[in-house]
Amino acid sequence: MIEQLLLEKTREAVRVIYGQEISAELIGFEKTKKEIEGDFTIVVFPLLRISRKSPEATAHDLGEYLKTNIDWIREYIIIKGFLNITLKESFWLEFLGGNWNEPDYGLQQTRDEQPVIVEYSSPNTNKPLHLGHIRNNLLGFSLGKILEANGFRVIKVNLVNDRGIHICKSMLAYMKWGNGETPESSGMKGDHLVGKYYVLFDKQYKEQVRALKESGLQEDEAEKQAPLLMEAQEILRKWEARNQETFDLWRMMNGWVYKGFDETYNHLGVRFDLVQHESSTYLSGKDLVMKGLEQGLLNQKDDGSIWADLKDEGLDEKVLLRADGTSVYMTQDLGTAQLRYNELNPLKMIYVVGNEQIYHFDVLKIILKKLGCEWSDRIFHLSYGMVELPHGKMKSREGTVVDADDLMEEMYQTAEKTTRELGKVNEFSDDEATNLFSMIGLGALKYFILKVDPKKNMLFDPAESIDFTGNTGPFIQYTYARIQSLLRKAESAGLSLQATGPVPRVFETERPAARSPQPAVISLKPVETSILKMLYAFPQTIRQAGAEYSPARIANYAYELAKEYNTFYQEIPVLKEENRKMAETRLLISAFTGEVIKRSMSLLGIEVPSRM
RNA sequence: GGCCCCGUAGCUCAGCUGGAUAGAGCAACAGCCUUCUAAGCUGUGGGUCGUGGGUUCGAAUCCCGCCGGGGUCACCA
């Protein structure tokens, strides 16, 4: 890596010239700003104490030393305290020749035995997926890919929230008012059908609460005493006692939901390596709690409920088992974490869960530690912000929830409409066209969501998300399609990429003018070095995205690269170039850029079309 | 009220471990299709980086106070 060489040589220069050993952190080292001539910049201000010279003089000392000691440096320019170093073109050309066809460029080989677990999605089986889940799924899936690109063995886990009082509510409503309706008989997708009964429960329950209040009860009393809630609680007890009838109904309704979810996941293009169900992990949580109680780490109240006292940690008490012995959300998560640790011994357990649960995960880690699980440090909660709509938050009871299936369908249709209007698919078969609309619609949706920093709340404006111009997924896809088209045209024009060889001869000709009898055969324009610099930064970008768990970094990188390429594309007609070697070089730049765009988009779970 | 997160152009967002004149897109306006795909490109206008202090040669970035917005503090998940 040239950066390390520059850094090392700079330290050496300080040692030789000023006689002092310095740490690398003292050297301000960065890529040169775009508007300024140069490739890399050394900021000398921090070194002034050592050099005891002016910024300019210090930069000059270092610049001279580096230039005489590093072959790749062509020249340096000093602006105030900034030493801007320009590399020879041969550096970039050699980089291009050596990597454009490298199938693993930027990607690390899997090196870790211990896996990283990425849990995401984690749906409840009582209602269909909505826009919030979409952000979750896209983040989790992309994060998994990014970590894999960083050489981790990743296990993507979906923890299905298939038990608990909320599930019993939709079951109860179905028992009361379902009349044996099924997805087949109603023509509804299974998850939507079950969701319908959950909503129905909520409506009837609110009605009961209202009636009770009118008969003189306090609000909180009314909420607790509403017959529907008590019936639901009864179902939960029956379920935990493995009552056959309850269990069969539960299994049937969950089956419908899974089928519906699978459809949505397939459509969205996300995958899991492992699906866990809370119904089969919560018992482990109960065990953990009972053990903790025996060891005196937890305490039991008079009514029989079991609690963790977290006052020493500055938090409150937390219930872990209800008085009737049934478990709560926290109990399940304790059990799930324990099982994962025992069975997979992960390097890290990443939970992709909304930021409204930050407190929950803080508590989870503390309780685990309290129970003697030192590995709780390996838990990392990747919390992401809420998705807001132009008119405010999504609220199911106000009907402002954006359904995942509806949204994807809408994106598809807009993609189809726009694409047809532009006359892009006149020569496509039906299958090809359908496939393209899907790629574009989903590409737009995914990119729109992933380009935003996960931790921030984001605004989802349907009108804007459906725009395909500017900083959007389709813009990047379009750039890729153009590159592919260019490569096809080049081939039929007799310009073959492979014929140029891995490192074309032309790359070896560039030498300092003084020692070379002939001028360099080719020379790069600013746009071209600019693209090459970006391509050079790809591996580093992946590392940063991995370290920060940030798909947004990849998304913004892909856009910058595509934008840069479009400028190039507009300014420099490759196929019109008279110098054949120059034309070939530019083809390589195009091919390489296409590859990196494709890989970046793949890390976001976005497909790119070869024509559009 | 305690704790956590956010505040950058009219709108949506970038801005890497502090560095040079704070960047894109959308929207507005003006250009570019006998030229490798115009879902594109070029140009113009638009900013006291919420605010007041502090640290520093240097702050959108780090620290503290305040203001504004959101989240959370359930025997819901």
Side-chain angles (χ1 to χ4, degrees), chain A residues 25 28-36 41 43 45-46 48-49 55 79-82 84 122 124 126 161 163-167 169 224 233 278 303 305 307 314-316 318-324 326-330 332-333 354-360 362-363 383 385-386 388 390 393 418-419 421-422 424 440 448 451-453 455-461 463-465 467-472 474-475 477-479 481-490 493 537 540-541 544 548 552-553 555-556 559-560 563 566-567 569-577 586-587 590 611-612:
Chain A
E25 290 85 60
F29 184 78
E30 56 203 62
K31 272 172 277 177
T32 305
K33 293 183 62 158
K34 228 173 179 181
E35 314 81 61
I36 294 167
T41 296
V43 187
F45 290 112
L48 298 185
R49 269 177 298 148
I79 304 174
K80 289 188 267 181
F82 299 93
N84 299 309
S122 316
N124 291 335
N126 60 345
N161 225 295
R163 50 138 274 123
I165 187 76
H166 55 299
I167 308 294
K169 290 175 182 175
K224 277 182 199 163
Q233 285 166 343
E278 292 206 334
D303 65 358
S305 57
W307 297 71
L315 304 172
D316 208 345
K318 179 75 196 169
V319 69
L320 297 178
L321 282 180
R322 298 187 184 100
D324 65 3
T326 58
S327 50
V328 296
Y329 181 43
M330 185 61 74
Q332 296 167 175
D333 265 1
N355 62 9
E356 72 276 9
Q357 294 197 33
I358 289 177
Y359 182 73
H360 170 79
D362 286 348
V363 172
S383 70
M386 304 184 28
E388 285 159 12
K393 279 187 276 185
T418 311
T419 306
E421 276 170 7
L422 289 170
K424 298 273 186 184
I440 295 174
F448 187 84
K451 75 174 175 187
V452 181
D453 184 342
K455 71 169 181 270
K456 289 190 178 176
N457 283 359
M458 64 170 290
L459 185 81
F460 187 86
D461 185 343
E464 201 180 322
S465 71
D467 195 352
F468 296 158
T469 66
N471 188 357
T472 62
F475 168 82
Q477 290 172 320
Y478 179 62
T479 306
R482 269 181 156 182
I483 291 173
Q484 299 317 303
S485 170
L486 178 65
L487 297 179
R488 285 191 296 268
K489 285 244 160 80
Q540 192 190 346
T541 305
Q544 285 175 346
E548 298 165 17
R553 183 169 289 281
N556 286 296
Y559 173 66
E560 294 290 332
K563 192 170 153 54
N566 270 282
T567 311
Y569 183 91
Q570 203 81 18
E571 286 180 11
I572 303 171
V574 173
L575 299 178
K576 291 271 162 66
E577 174 63 64
R586 287 176 177 157
L587 273 182
S590 299
R611 36 184 116 215
M612 74 183 270

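Lettering follows sequence order; numbering is per chain, from 1. These numbers come from the heavy atoms of this one structure, side chains and all, not from hydrogens, waters or symmetry mates.
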Protein-nucleic acid N or O pairs under 3.5 Å, nucleotides 40-44 of chain B:
| unit_1 | atom_1 | unit_2 | atom_2 | d |
| --- | --- | --- | --- | --- |
| G40(B) | OP1 | G470(A) | N | 3.1 |
| G40(B) | O2' | R482(A) | NH1 | 3.2 |
| G40(B) | O2' | N566(A) | OD1 | 3.2 |
| G40(B) | O2' | Q570(A) | OE1 | 3.4 |
| G40(B) | N2 | Q570(A) | NE2 | 3.1 |
| C41(B) | O4' | Q570(A) | OE1 | 3.3 |

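- When distances run from any side-chain atom of I165(A) to the nucleotides G70(B), A77(B), U37(B), the shortest one goes to A77(B).
- Which of C36(B), A39(B), U37(B) sits closest to the side chain of A481(A) comes down to U37(B).
- Partners of H360(A) by ring-ring contact (aromatic ring centres under 6.0 Å, His included), not counting sequence neighbours, listed by chain and number: Y329(A).
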TODO: Using a 4.0 Å cut-off on protein heavy atoms (strictly under), produce a 5'-to-3' string for nucleotides 13-20 of chain B with B for base contact, S for backbone-only sugar-phosphate contact, and - for none.
DONE: SS-BB-BB
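- Nucleotides G25(B) and G40(B) have their C1' atoms positioned 14 Å apart, rounded to a whole Å.
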Open item on the list: If a pair means Watson-Crick or G-U wobble with both distances below 3.5 Å, what does RNA chain B look like in dot-bracket form, with | marking bases paired to a different strand?
Closed with: (((((((..((((.....[...)))).(((((.......))))).....(((((..]....))))))))))))....
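- Put simply, K489(A) has a side-chain N or O that comes within less than 4.0 Å of OP1 or OP2 on U37(B).
- Rounded to the nearest Å, the gap between the C1' atom of G18(B) and that of C29(B) is 38 Å.
- Every ring-ring contact (aromatic ring centres under 6.0 Å, His included) that F82(A) has, sequence neighbours left out, goes to F45(A).
- No N or O donor and acceptor, one from the side chain of T472(A) and one from the base of A39(B), sit under 3.5 Å apart.
- A distance of about 29 Å separates the P atoms of G23(B) and C64(B), rounded to the whole Å.
- Counting atom types as modelled, K424(A) pairs a side-chain N or O with a base atom of U37(B) as donor and acceptor under 3.5 Å.
- With A77(B), C5(B), A39(B) as the choices, the nucleotide that has an atom nearest any side-chain atom of K455(A) turns out to be C5(B).
- R322(A) is linked by a side-chain hydrogen bond (donor to acceptor under 3.5 Å, both in side chains) to T326(A), counting only residues two or more places apart in sequence or in another chain.
- Regarding contacts with the backbone of U37(B), a side-chain N or O of S485(A) is found under 4.0 angstrom from either OP1 or OP2.
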